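Predicted, not measured: the structure shown is a model, and the values here were computed from it. In what follows, chains are A, B, ... by sequence order, proteins preceding strands, each numbered from 1.
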Amino acid sequence: MDITQKIAIATADILKESYDHVVETHAVQIDATRKEFEGDYTVVIFPYLRALKMKPEEAGNALGDQLLAAVPEIEAFNVIKGFLNLSLSAAYWSAALASISADEHWLKRGKSGGLSLVEYSSPNTNKPLHLGHLRNNFLGHSVSLIKEFAGNEVIKTQIINDRGVHICKSMLAWKMHGKGETPTSAGIKGDKLVGKYYVMYDEHLRAQVKKLVVEGRSEEEAKKEAPLSKMVQDMLLKWEQGDPETIALWRMMNGWVYEGFDATYARMGVSFDKLNHESETYLKGKDIVKVGLEKGIFFTKDDGSVWVNLEADGLDQKLLLRADGTTVYMTQDIGTAAQRQEDYPSLKQIIYTVGDEQDYHFKVLFLILEKLGYDWAPACRHLSYGMVDLPSGKMKSREGTVVDADDLMAEVVEAAKTSSEEKGKLDEMEQEEQGQLFEMLGIGALKFYLLRVDPRKRMMFDPEESVSLNGDTGPFVQYTHARCKAVLRKAEEFQCGAPESLSEKERQLLRALMQFRTVMNGAAEEMNPSAVASYCLDLAKMYNQFYHDLPILKAVDEEVKGFRLALTKLTAETLATSMGLLGIQVPERM
RNA sequence: GGUCCACUAGCUCAACUGGAUAGAGCAGCUGCCUUCUAAGCAGCAGGUUUCAGGUUCGAGCCCUGAGUGGAUCACCA
């Protein structure tokens, strides 16, 4: 049993037996003792002062005496104000380390928990991925891993927005100006090529609009009447009617984009178990809406459009089908949810990784799903994250301030290479292995940089800082792991020792290592990878202090040496596992 | 205008969900490599937690009001 829990139970017992004061064990507040005070764990006793009718110090001493007698692991205590600081024995700590090191489940995934579907990425198929997608993908992927580790079965999924006007724009521009250009002939990635035509369309359209405005039309009229707009609408219509030539073009250009995306995803280290194509699920949305209409969950307006009334839930009315019977965004999301229920009958939850500008949309979606009677609807979550800002402000494709995902990844890897070569520690490493290491460090730095911030918060992207390998960064954690490994390579066979006394650094490190499961479960519950990142940093800092202050291989006492080696081994494993949950690999040497 | 969300050191972020003297990193200054990896460690400096009230043993965190910034309130996705 966890020692803090043991102390909590003992505390509750004492309060009940001696003072007739009933406290739930989970309500007993026990924290790690702050480092400026003597002790390992601290019981906060302010809440019991009234019941005990004592002053803080008096109550602390009374409780401390009884805990000392009741819990054998406790060796000593001190009281400061309303805080009872408990010191645990060296025997307890070494036994704890030995037990965790031998526990084969400690660093392995749990088993309980239902089937969760995590959706992320979901880009439009008309332009390449950018910095915003990186945050989205890293978050979604990491949350999948964390949920899985906590015991859930997880299906990683994305919905591909392969339908609608935006892709038609690229298609049209390619048809008009492409001269049969392909990714191979142009020598660029497919997503980049399609993006190029999307931009081209936009430029031509703007020129046409400008001309019309000069001729006296309003901005809005001009946009509608521009020849290109009409051609795009025409093309969309043809697509919906299944015109073979249009469909073929659509297939080809989407194919280019997918190939490009796949290359980007591969480098990012993210993957998907299941894809949903919007071009396939939007029709299902229509069907579901019709069913809901029959059940009286939705209603029809005079023009024939279909709505849902959410006024009773404090929201407004929301359109689900246009008067002409075509679908909207919400309809498609309903259809996709229904499709998923069919694909996975045991589905318990869907987690949607989507920017916080869509908070309202998901509030509405979840309400509708609940009204439609999906029993897993209340468990659905919107993993809502804030936008990534640049020092120059918001990213805007119009102004060319978008940070391209491929470019950025190439940059961070290059930066990792440069700094590594400056340090010159890798001379003995094979060329190929070096390449892998730079990749690991660069991408690791980028992922860590984007994941260490609370997902819900908007964050600032500083290009300089993102490639930095010093300070609170991924490579700092990776370095610490490599450092542990270096020690372990030099060590002979060892057994976890049981020293007679422990130093402060050893206790701190071990206490942090023992926090592992609690931290991971919390991160899973909150869908918050930043909690894992913070944990990695804490652990790495503590290990480095420990490493710096105390000899490991050169410890004189064999018990001490064994203990410190065991600490080193567990630290390496814990760091590797934790970083793994962020989707970051750690090297053996660097 | 309605609703929602932010605001913490020069900058970027923490703070175990109400606990001790609010912590890290970066940037600045200063030390430590003939001892297990210096991508490290240690130190100095940096704060009225946007402001004004309130709740209580105790508030960065809860409540009220104000300020600043952002999102959203589409028959776009």
Give a yes/no answer on whether the side chain of A:Lys318 brings an N or O atom under 4.0 Å of OP1 or OP2 in B:rU72.
no

Suppose we call two aromatic rings close when their centres sit under 6.0 Å apart. Are A:Tyr48 and A:Tyr19 close by that rule?
no

Report the relative orientation of the aromatic rings in A:Tyr352 and A:Phe362; use parallel for angles under 30°, tilted for 30 to 60°, perpendicular for over 60°.
tilted

If you draw a 6.0 Å radius around NZ in A:Lys223, do more than 12 non-hydrogen atoms from other residues or ligands fall strictly inside?
no

Taking NZ, NE, NH1 and NH2 as the nitrogens, is one of them in A:Glu240 or A:Arg163 under 4.0 Å from a carboxylate oxygen of the other?
yes

Grab the CD-C1' distance between A:Glu504 and B:rA42 for me, whole Å please.
17 Å

Taking atom P of B:rC76 as reference, at what distance in whole Å does atom CG of A:Asn126 sit?
17 Å

In whole Å, I'd like the distance from the CD1 atom of A:Ile45 to the P atom of B:rG19.
16 Å

Whether A:Arg456 and A:Asp454 form a salt bridge (side-chain N of Lys/Arg under 4.0 Å from carboxylate O of Asp/Glu) is what I want to check.
yes

Give me the distance, rounded to whole Å, that separates B:rA27 from B:rA9 when you measure between the C1' atoms they each carry.
12 Å

Would you please indicate if the ring centroids of A:Tyr198 and A:His166 are separated by under 6.0 Å?
no

Using Watson-Crick and G-U wobble pairs whose two distances are both under 3.5 Å, how do you write the pairing of RNA chain B as dot-bracket, with | for links to another strand?
(((((((..((((.....[...)))).(((((.......))))).....(((((..]....))))))))))))....

N/O (side chain, A:Arg50) to phosphate O (OP1/OP2, B:rC57) under 4.0 Å:
yes

Under the ring pair (Phe, Tyr, Trp, His ring centres under 6.0 Å) rule, what pairs show up with a residue in residues 461-490 of chain A, not counting sequence neighbours?
A:Tyr449-A:Phe461

Quick one, A:Lys169 with A:Asn126, criterion side chain to side chain contact (heavy atoms under 4.5 Å, CB included). Give me CA distance, side-chain angles, the key distance, then yes/no.
CA-CA 8 Å; A:Lys169 293 177 180 173; A:Asn126 58 342; over 6 Å; no

Round to the nearest Å and state the distance from A:Asp389 atom CG to B:rA71 atom C1'.
12 Å

May I ask you to evaluate whether A:Arg34 reaches the phosphate of B:rG23, defined as a side-chain N or O under 4.0 Å from OP1 or OP2?
yes

Which part of the nucleic acid, if any, lies within reach of A:Lys423 when heavy atoms closer than 4.0 Å are counted: base, sugar-phosphate only, or nothing?
base

Sugar-phosphate, base or nothing in reach of A:Asp324, heavy atoms under 4.0 Å:
nothing

Are the charged groups of A:Asp303 and A:Arg322 less than 4.0 angstrom apart, N to O?
no

Go through residues 453-485 of chain A and report each residue with a non-hydrogen atom lying under 4.0 Å from RNA chain B, sorted by number.
A:Val453, A:Asp454, A:Lys457, A:Arg458, A:Met459, A:Met460, A:Glu465, A:Leu469, A:Asn470, A:Gly471, A:Asp472, A:Phe476, A:Tyr479, A:Ala482, A:Arg483

To the nearest angstrom, how far is A:Met387 atom CE from B:rC5 atom C1'?
13 Å

C1' atom, B:rU3 versus B:rG10: distance in rounded Å?
35 Å

Contacts of A:Pro47 and A:Tyr547 projected onto RNA chain B by closest heavy atom; the upstream (5') one is A:Pro47

Between CG of A:Leu84 and C1' of B:rG19 the distance, given in whole Å, is 14 Å

With a 4.0 Å cutoff (strictly under), does any side-chain N or O of A:Lys81 reach OP1 or OP2 of B:rG19?
no

Please report the distance, rounded to the nearest Å, between CG in A:Leu205 and P in B:rC76.
17 Å

A:Lys127/A:Asp191 ion pair, N-O < 4.0 Å
no

So what does A:Ser530 hit on the nucleic acid, given a heavy-atom distance under 4.0 Å: a base, only sugar-phosphate, or nothing?
nothing

A:Asp538 CG to B:rG25 P, in whole Å, measures 11 Å

